[in-house]
Amino acid sequence: MIITRNWLNEWIDITEISTDKILKALNSIGLEVDSYKKFSVADKVVIGYVKSKKAHENSDHLSVCEVDTGSQSLQIVCGAKNVESGQFVAVSLIGAVLPNGLTIKPAKLRGVESNGMICSSSELGFPKLNDGIMVLDDSIGELVLGRNLNEYLAFNDELIDIDLTPNRGDCLSIYGIARDLSAALNIPLKNKNFTEEAEKLLGIGRILSVHADEKIDASFIYRAFEIKNRFDITLTHKLRLAFAEILSNDTLVNLLNYTTHSTGVLLRAYDFNKITNKDKISIDIKKQENGELAVFCDDKLLGIAGINQNSDFKANKDSKICIVEANYTNPQIIAEALGENRKLKGDEHTYRSTRGSEPNLILGLNLLFSFLKNKDEFALFAGAQQILNTKEPKIVSFTNAEIDEMIGTKIEKNQILKILKSLGIDVNMDNELITATIPTFRHDISNSHDICEEIVRIIGIDNIASKPLVFAENCRFNETFFDYENAKKIRYKSANIGFFECVHYIFDNEEELKNLGFVPCEVKILNPINAELSVLRPTLINHLLNSSNLNLRNSKKSIKLFEFGKIFDEKGVEKDCFGFIASGLKNEPSLLNSAKPENVDFLYFASLIQNIIGKFSCVLPDKNIKFLNDFEQAEIWQNGVKVGIIGRFKFENERDLAKTYVCEMDFKALKFNEINAKNYSKFPSISRDLSVVVPNNMRFEVIKNALNNLQISDLKEFLPVDIYKDENLKDSYSLTIKFIFQNLEKTLEDEQIEAKITQILKALNNLGLNLR
């Protein structure tokens, strides 16, 4: 938002306020100053009057002018096409130094002496206003010949560019900035008594009628006037529009732009004769599919409020009768309409309307007509139709204590009331409860937190005493926190024993998943990244297999990878899982293993997983897992709950892999109980080995369950240590089981051990097993 000091001074008296104080005030109330620049005309540039003009004898584009500068009459050669006798102009005298570094000296142009220079606005360091010289008028003040131009406020101004946040649409005008500065500097706004010009000058009857088909969250006011002769805006207006970068070649557009930039009211002008050939116009405002409001006349679409205007009916400087529309539409309506319909294109009004334009339409219209009331070119005013929004303003209730708690310090109630009233917010009190009625121009205030923000920005954050942070929040040790910590522990343990973490897309290759035996998810991806990532993944294993293959092709011999991520079942329900893979050698070849490390195997891989999640049991699956080897696959059970699967990958050759083992576990099923310390014995343990003949079809699990049921005291553990088979053992094999005994209080004697071994043998005999 671009403003100038003098323009701002028309709305709030800042004559005695330094620019530095204004800039600090703007920044403190959240209107961040992006840039600042002072503009001033150089010395020895004065007001001159062109007494005469004649063509240069030796040039077809130069003119020889006699210019009166008050104390002297100068002959100046000028190349501008628009120079004419009778004009007041800016004249650079001999010795003047212009902003571009040019020093004015006596010169001869095509043999004719020239003593000075008639300047354009850009030559004086100001924005370009037109092609040619700058013609002065009395809008800058009384034109006194010979007076330095930098003595006039219009040519001694300061430009301020304010970077507004999207929620501050109420400050997209000079009036809006002045309104906020009024509260910050405790200076009242100037009383702009435009009078009701449009209403006073209605004298020929109404030529407009306006209708809305239903209650709308918008306001419209229409006025009509006749342009009798060509007109122009003043030099001061042109300079300000050029500073704001909205100066146009069309004088009517400039007039509307100036009013809108001053007040924030959105104004459009329609050409009466382009709309109709009747004596009267009936305007209909209709709500469209996405909530936007379209303006129609006899089924002709004139425009969409706050979004665009039909160029076929747009008024310009050559129009005879103009219909001016002042409009305010709820910015949410416009934002939603533009979001829903990408083909709906906005124009120069959209930036304001989507952020919230000024709803006080009378303010804009009265300022517009105050410019026109004394102009002979505008002899006719007619039509006064309006549809005003009757929507109730927002009400926000809060207490003084609530504001104090949010700010962190005590704010007096009277100060709160004073600040809110200075911002245009009406307040009422009922005991401790304060009720604020939010003005319609403040779209960004909807709750007590917004009210608190308004109070803080006017007080100034630097004026609120700092104090130490009181750490008084509730304990955050909830399920989410513990899940995060537990997942982190597993990841750290995995990395510590040699696994590398992978991160893959949650999408996967549908064809590869079908080959592994997974059923596709019912939830389809409408716009997949590519054909290889077209479905939600039901497992982490496929991505780990592909990553292992990539590592193998890059000369890695020992591959250990893991991933923690989400998978999706057939219904699209997600869950967190850990996936592990070990492929190839147990370790990379090195001097420590004589460059001949062993291949990974089931027990090695299972022991790695056990080191990560703790003890678990391997149970034969009820249903064969398609992608795992028929003889090396198991379910992982922990504390009586199935937590995952483990086994050797079945399709190693098809996927160009070495010997590979995989594991996948449901993270939520894992138990993370605290580890309880157990007593340990200071006495030596004693072990005994028994070799028994076991039928080929008997699983060790049967033996294990039978021995556990004995509940033999001092039996610390037992485990298989060897399997042997020869031609004498056709339908059976020899299994060696190691038994370890230990007592917490004494050393066990041989007799005690023998008694326990006898119990064990009896249990084995009951299973039909005999010593080898």
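Being a predicted model, the structure only gives us computed values, none of them experimental.
For the salt bridge (charged side-chain N to carboxylate O under 4.0 Å, His left out) with E501, the lone residue among R491, K560, K493 that qualifies is R491.
In this structure, the side chains of V643 and F616 stay at 4.5 Å or more apart for every pair of heavy atoms. With a 4.5 Å cut-off on side-chain heavy atoms, L561 and S548 count as touching. I525 is not listed as a side-chain neighbour of S534, based on a closest heavy-atom distance of 4.5 Å or more. In this structure, the side chains of I646 and Y661 stay at 4.5 Å or more apart for every pair of heavy atoms. Put simply, the side chain of I737 does not reach to within 4.5 Å of the side chain of I760, judged on heavy atoms. L513 places a side-chain heavy atom less than 4.5 Å from the side chain of V535. A heavy-atom distance below 4.5 Å is not found between the side chains of R355 and L164. S494 is listed as a side-chain neighbour of F580, based on a closest heavy-atom distance under 4.5 Å.
Judged by distance alone, the side chain of N27 and the main-chain N or O of V33 form a donor-acceptor pair under 3.5 Å. A donor-acceptor distance shorter than 3.5 angstrom exists from the side chain of Q638 to the backbone of K615, with no hydrogens or angles considered. Under a 3.5 Å cut-off, the side chain of N549 and the backbone N or O of L545 do not form any donor-acceptor pair. Under the 3.5 Å distance criterion, the side-chain polar atoms of K704 are left unmatched by any main-chain donor or acceptor of N708. The main-chain N or O of L690 is never found under 3.5 Å from a side-chain atom of R772 such that the two would form a donor-acceptor pair. Side chain of Q633 to backbone of N629: a donor-acceptor contact under 3.5 angstrom is found. Put simply, the side chain of S687 never gets that close to the backbone of I740: no donor and acceptor are under 3.5 Å apart. The backbone N or O of V721 lies less than 3.5 Å from no partner atom in the side chain of T736, so there is not a single donor-acceptor pair. One N or O on the side chain of N530 and one on the backbone of E532 form a donor-acceptor pair closer than 3.5 Å. No donor-acceptor pair closer than 3.5 Å links the side chain of N341 to the backbone N or O of A337.
Here the shortest heavy-atom pairing between S353 and G306 reads OG-O, 2.5 Å. Of all the heavy atoms in L552 and A658, the pair that sits closest is CD2-N, 3.9 Å. Scanning both residues, G579 and L540, for their nearest heavy atoms gives N-CD1, 3.4 Å. Listed here is the closest heavy atom pair of C521 and D569: SG-O, 3.5 Å. Among all heavy-atom pairs drawn from N587 and P597, the shortest one is O-CG, 3.1 Å. Of all the heavy atoms in S732 and V693, the pair that sits closest is OG-CG1, 3.3 Å.
Remark: I723 engages Y733, L735 in a side chain to side chain contact (heavy atoms under 4.5 Å, CB included) (not counting sequence neighbours). Evaluation of the ring pair (Phe, Tyr, Trp, His ring centres under 6.0 Å) rule for F651 yields F649 as partners, not counting sequence neighbours. Shown here are the salt bridge (charged side-chain N to carboxylate O under 4.0 Å, His left out) partners of D726, two or more places apart in sequence or in another chain: there are none. The side chain to side chain contact (heavy atoms under 4.5 Å, CB included) search around K746 returns N743, Q752, not counting sequence neighbours. With sequence neighbours excluded, the residues satisfying side chain to side chain contact (heavy atoms under 4.5 Å, CB included) with K575 are I567, C577, D666. With sequence neighbours excluded, the residues that form a side chain to side chain donor-acceptor pair (under 3.5 Å) with R648 are E652. In this structure E336 satisfies the side chain to side chain donor-acceptor pair (under 3.5 Å) test together with Q332, sequence neighbours excluded. Under the rule for a side chain to side chain donor-acceptor pair (under 3.5 Å), N308 has no partner lying at least two apart in sequence or in another chain. Residues forming a salt bridge (charged side-chain N to carboxylate O under 4.0 Å, His left out) with E32 (at least two apart in sequence, or on another chain): none. Applying the salt bridge (charged side-chain N to carboxylate O under 4.0 Å, His left out) criterion to K756, with sequence neighbours excluded, gives D714.
Among residue pairs with one or both ends in residues 505-528, those qualifying as salt bridge (Lys or Arg N to Asp or Glu O under 4.0 Å) are E510-K514, E512-R655, E522-K571; sequence neighbours excluded. Counting only residues at least two apart or in different chains, ring-ring contact (aromatic ring centres under 6.0 Å, His included) contacts with residues 518-552 comprise H504-H543, F518-F627.
Applying the 6.0 Å contact sphere to CG of N766 captures more than 12 heavy atoms from other residues, nucleotides or ligands. In the displayed structure, F500 atom CZ is contacted under 6.0 Å by at most 12 heavy atoms of other residues, nucleotides or ligands. Within 6.0 Å of CD on E745 lie no more than 12 heavy atoms contributed by other residues, nucleotides or ligands. In the displayed structure, K394 atom NZ is contacted under 6.0 Å by more than 12 heavy atoms of other residues, nucleotides or ligands. Counting heavy atoms of neighbouring residues, nucleotides and ligands inside a 6.0 Å radius, atom NZ of K586 exceeds 12 of them. The environment of E754 atom CD is dense: over 12 non-hydrogen atoms of other residues, nucleotides or ligands sit within 6.0 angstrom. Counting non-hydrogen atoms of neighbouring residues, nucleotides and ligands closer than 6.0 angstrom, the OH atom of Y604 exceeds 12 such neighbours.
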side-chain contact (heavy atoms from CB on, under 4.5 Å), that's the test. Do R537 and N542 meet it? Break it down for me. CA-CA 9 Å; R537 64 182 180 187; N542 191 51; over 6 Å; no
Could you go through F683 and F741, starting from their C-alpha distance and side-chain angles, then the distance that decides it, and tell me whether this counts as ring-ring contact (aromatic ring centres under 6.0 Å, His included)?
CA-CA 11 Å; F683 299 95; F741 302 92; over 10 Å; no
Could you walk me through whether I636 and C663 pass the side-chain contact (heavy atoms from CB on, under 4.5 Å) test, one step at a time? CA-CA 9 Å; I636 299 174; C663 170; 3.6 Å; yes
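A salt bridge links K488 with E485: the distance from a Lys NZ or Arg NE/NH1/NH2 to an Asp or Glu carboxylate oxygen falls below 4.0 Å. Checked for salt-bridge contact, K659 and D601 miss the test: no charged N lies under 4.0 Å from a carboxylate O. Using a cut-off of 4.0 Å between Lys/Arg side-chain N and Asp/Glu carboxylate O, R457 and E454 are scored as salt-bridged.
For F667 and F672, the gap between ring centers is short of 6.0 Å.
Distance check: C452 SG to F398 CZ gives 9.5 Å after rounding to the nearest 0.5 Å. Rounding to the nearest 0.5 Å gives a distance of 4.0 Å between CD1 of I445 and CZ of R442. Interatomic distance, N447 CG to S397 OG, rounded to the nearest 0.5 Å: 12.0 Å.
Side-chain atoms of K716 and Q742 include a donor-acceptor pair closer than 3.5 Å.
In this pair, F578 and F562 present their aromatic rings parallel. The plane angle is below 30°, not in the 30 to 60° band.
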